[in-house]
S.K.: 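Attaching a single structure in structure tokens format; questions to follow.
The figures that follow rest on heavy atoms only: side chains count, while hydrogens, waters and symmetry mates do not.
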Amino acid sequence: MTVRQQWGLVFGIVAVLGGALTAAVKLFGSELFPVTVGSEAPDFRAKDLRTGREVSLVQDYRGQVVLLNIWATWCEPCKIEMASIEALHKAYGSRGLKVVAVSIDDYVSEDSIRSFAKGLGLTFDILHDPSHTIDRSYQTT
């Protein structure tokens, strides 16, 4: 096989793979990327650590502007961003912004999550989803 034929074969394989990827995104896009700009937010249920009751995004926050933060106590970037999120909550909470932070901790107790939030001075809604349902719904890592 000549060098020209080898490059032709490589180009053909790349073209087939590119076509297959494009077709897969077209066919399965809503499953691959369920949350997009302008799409309806997937519902989830999680325990409100202040009230102890289970809340639903759709039922309890319908019609509100929501900043949804998925975090964990072991996540270093999450710890850093909490001060900024609290500042947003204080600046815009009275104007309708609802900040909802969902902890996905599964090896930490709810008391530890509450203590963590209290230690950072967080005053917005802190929810807990140890089942990681929200991870799957929003495809977070």
Side-chain angles (χ1 to χ4, degrees), residues 1-117 119-141:
M1 186 181 283
T2 67
V3 172
R4 185 178 185 140
Q5 289 172 326
Q6 288 175 346
W7 278 110
L9 181 61
V10 168
F11 178 74
I13 291 171
V14 169
V16 168
L17 290 174
L21 181 60
T22 301
V25 169
K26 294 276 185 202
L27 291 172
F28 303 109
S30 62
E31 293 177 32
L32 293 171
F33 312 106
V35 181
T36 59
V37 174
S39 69
E40 187 170 322
D43 193 19
F44 66 88
R45 296 186 166 284
K47 184 176 183 180
D48 184 327
L49 293 183
R50 291 209 171 95
T51 66
R53 71 180 190 88
E54 186 176 82
V55 298
S56 156
L57 178 67
V58 170
Q59 293 174 353
D60 294 285
Y61 297 100
R62 180 177 296 281
Q64 299 180 49
V65 176
V66 176
L67 183 144
L68 180 62
N69 183 32
I70 301 168
W71 65 286
T73 56
W74 47 261
C75 170
E76 290 303 319
C78 299
K79 294 175 187 177
I80 294 167
E81 72 187 3
M82 286 298 189
S84 298
I85 294 172
E86 179 63 24
L88 280 172
H89 172 65
K90 286 182 177 175
Y92 297 103
S94 62
R95 293 167 34 191
L97 176 66
K98 273 309 260 193
V99 175
V100 180
V102 183
S103 168
I104 57 168
D105 284 293
D106 48 6
Y107 295 108
V108 175
S109 72
E110 291 178 356
D111 287 336
S112 295
I113 298 167
R114 278 188 211 94
S115 296
F116 179 86
L120 293 176
L122 305 179
T123 60
F124 46 80
D125 293 353
I126 304 290
L127 309 182
H128 187 213
D129 176 25
S131 68
H132 296 265
T133 302
I134 194 166
D135 296 22
R136 291 184 294 280
S137 296
Y138 286 84
Q139 294 185 338
T140 61
T141 56

S.K.: In Å and rounded to the nearest 0.5 Å, what is the CD1 to CG distance from Ile113 to Leu127?
M.R.: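 Interatomic distance, Ile113 CD1 to Leu127 CG, rounded to 0.5 Å: 10.5 Å.
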S.K.: What residues, two or more places apart in sequence or in another chain, satisfy side-chain contact (heavy atoms from CB on, under 4.5 Å) together with Ala41?
M.R.: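 Ala41: side-chain contact (heavy atoms from CB on, under 4.5 Å) contacts with Leu57, Tyr138.
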S.K.: Gln5 side chain to Thr2 main-chain N or O, any donor-acceptor pair under 3.5 Å?
M.R.: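 Looks like yes, one N/O pair under 3.5 Å.
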S.K.: Enumerate the disulfide bond (SG atoms under 2.5 Å apart) contacts for residues 46-86, please, sequence neighbours excluded, ordered by first and then second residue.
M.R.: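 Matches after skipping sequence neighbours: Cys75-Cys78.
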S.K.: Got a second to check how far Ile134's CD1 is from Asp129's CG, nearest 0.5 Å?
M.R.: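 So the CD1 of Ile134 and the CG of Asp129 are separated by 6.5 Å.
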S.K.: Taking ring pair (Phe, Tyr, Trp, His ring centres under 6.0 Å) as the test, write out the residues that go with Phe116, two or more places apart.
M.R.: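 With neighbours one apart ignored, the set is Trp71.
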S.K.: Okay, side chain of Asp48, backbone of Gly52: is any donor-acceptor separation there less than 3.5 Å?
M.R.: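 A pair under 3.5 Å: no.
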S.K.: Give every residue pair that meets the ring pair (Phe, Tyr, Trp, His ring centres under 6.0 Å) criterion with at least one member in residues 7-26, sequence neighbours excluded.
M.R.: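 Found none.
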S.K.: Show your working on side-chain contact (heavy atoms from CB on, under 4.5 Å) between Met82 and Phe124 and close with a plain yes or no.
M.R.: CA-CA 10 Å; Met82 286 298 189; Phe124 46 80; 4.0 Å; yes
S.K.: Could you note down all residue pairs passing salt bridge (charged side-chain N to carboxylate O under 4.0 Å, His left out) where residues 91-108 supplies at least one of them, sequence neighbours left out?
M.R.: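 Those involving residues 91-108 are Lys98-Asp125.
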S.K.: Hey, could you give me the CZ/NZ distance between Arg53 and Lys47, rounded to the nearest 0.5 Å?
M.R.: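 With rounding to 0.5 Å, CZ (Arg53) is 12.5 Å from NZ (Lys47).
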S.K.: Please report the shortest heavy-atom distance between Ser137 and Pro42, naming the atom on each side.
M.R.: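 Shortest heavy-atom separation between Ser137 and Pro42 comes out as O-CG, 3.8 Å.
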S.K.: Hey, could you give me the OG1/CG distance between Thr22 and Leu17, rounded to the nearest 0.5 Å?
M.R.: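 These two atoms lie 10.5 Å from each other.
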S.K.: Name all residues meeting the side-chain contact (heavy atoms from CB on, under 4.5 Å) criterion together with Ser94; count only those two or more places apart in sequence or in a different chain, and write none if there are none.
M.R.: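 Not a single residue meets the side-chain contact (heavy atoms from CB on, under 4.5 Å) criterion with Ser94.
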S.K.: Could you tell me whether the side chain of Val99 reaches within less than 4.5 Å of the side chain of Asn69, counting heavy atoms only?
M.R.: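 Not in contact.
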S.K.: Taking only residues two or more places apart in sequence, or in another chain, which ones meet Ser56 in a side-chain contact (heavy atoms from CB on, under 4.5 Å)?
M.R.: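 For Ser56, the residues satisfying side-chain contact (heavy atoms from CB on, under 4.5 Å) (neighbours in sequence not counted) are Asp43, Arg45, Val58, Gln59, Asp60.
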S.K.: For residues 68-78, which residue pairs qualify under salt bridge (charged side-chain N to carboxylate O under 4.0 Å, His left out), counting only residues two or more places apart or in two chains?
M.R.: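 Every pair satisfying salt bridge (charged side-chain N to carboxylate O under 4.0 Å, His left out) with a residue in residues 68-78: Glu76-Lys79.
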S.K.: Please identify each residue that fulfils side chain to side chain donor-acceptor pair (under 3.5 Å) with Asp135, with sequence neighbours left out.
M.R.: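 Partners of Asp135 by the side chain to side chain donor-acceptor pair (under 3.5 Å) criterion, ordered by chain and then number, come out as His132.
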S.K.: At what distance, to the nearest 0.5 angstrom, does CE of Met1 lie from CG of Leu9?
M.R.: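 Here the rounded value is 5.5 Å.
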S.K.: Checking Ser109 now: which residues fulfil side chain to side chain donor-acceptor pair (under 3.5 Å) with it, not counting sequence neighbours?
M.R.: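 For Ser109 the side chain to side chain donor-acceptor pair (under 3.5 Å) partners, ignoring immediate neighbours, are Ser112.
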S.K.: Any side-chain heavy atom of His128 within less than 4.5 Å of one from Ile104?
M.R.: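 No, too far: nothing below the 4.5 Å cut-off.
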S.K.: Can any side-chain N or O of Glu86 pair as donor or acceptor with the backbone N or O of Thr123 at less than 3.5 Å?
M.R.: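 Yes, because the side chain of Glu86 sits within donor-acceptor range (under 3.5 Å) of the backbone of Thr123.
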S.K.: Quick one: are Phe44 and Val102 in side-chain contact, heavy atoms under 4.5 Å?
M.R.: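 When only atoms from C-beta onward are counted, Val102 and Phe44 do touch, with a gap below 4.5 Å.
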S.K.: Identify, with sequence neighbours excluded, every residue that meets side chain to side chain donor-acceptor pair (under 3.5 Å) alongside Arg114.
M.R.: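 Only Asp111 meet the side chain to side chain donor-acceptor pair (under 3.5 Å) criterion with Arg114.
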S.K.: Can you sort out the partners of Ile80 under side-chain contact (heavy atoms from CB on, under 4.5 Å), two or more places apart, ordered by chain and number?
M.R.: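 Checked Ile80 against side-chain contact (heavy atoms from CB on, under 4.5 Å); zero matches.
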S.K.: Hey, could you give me the CG/CG distance between Leu122 and Leu49, rounded to the nearest 0.5 Å?
M.R.: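 These two atoms lie 11.5 Å from each other.
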S.K.: Set out, in order, the CA-CA distance, both residues' side-chain angles and the distance that settles side-chain contact (heavy atoms from CB on, under 4.5 Å) for Val100 and Tyr61, then state yes or no.
M.R.: CA-CA 9 Å; Val100 180; Tyr61 297 100; 3.5 Å; yes
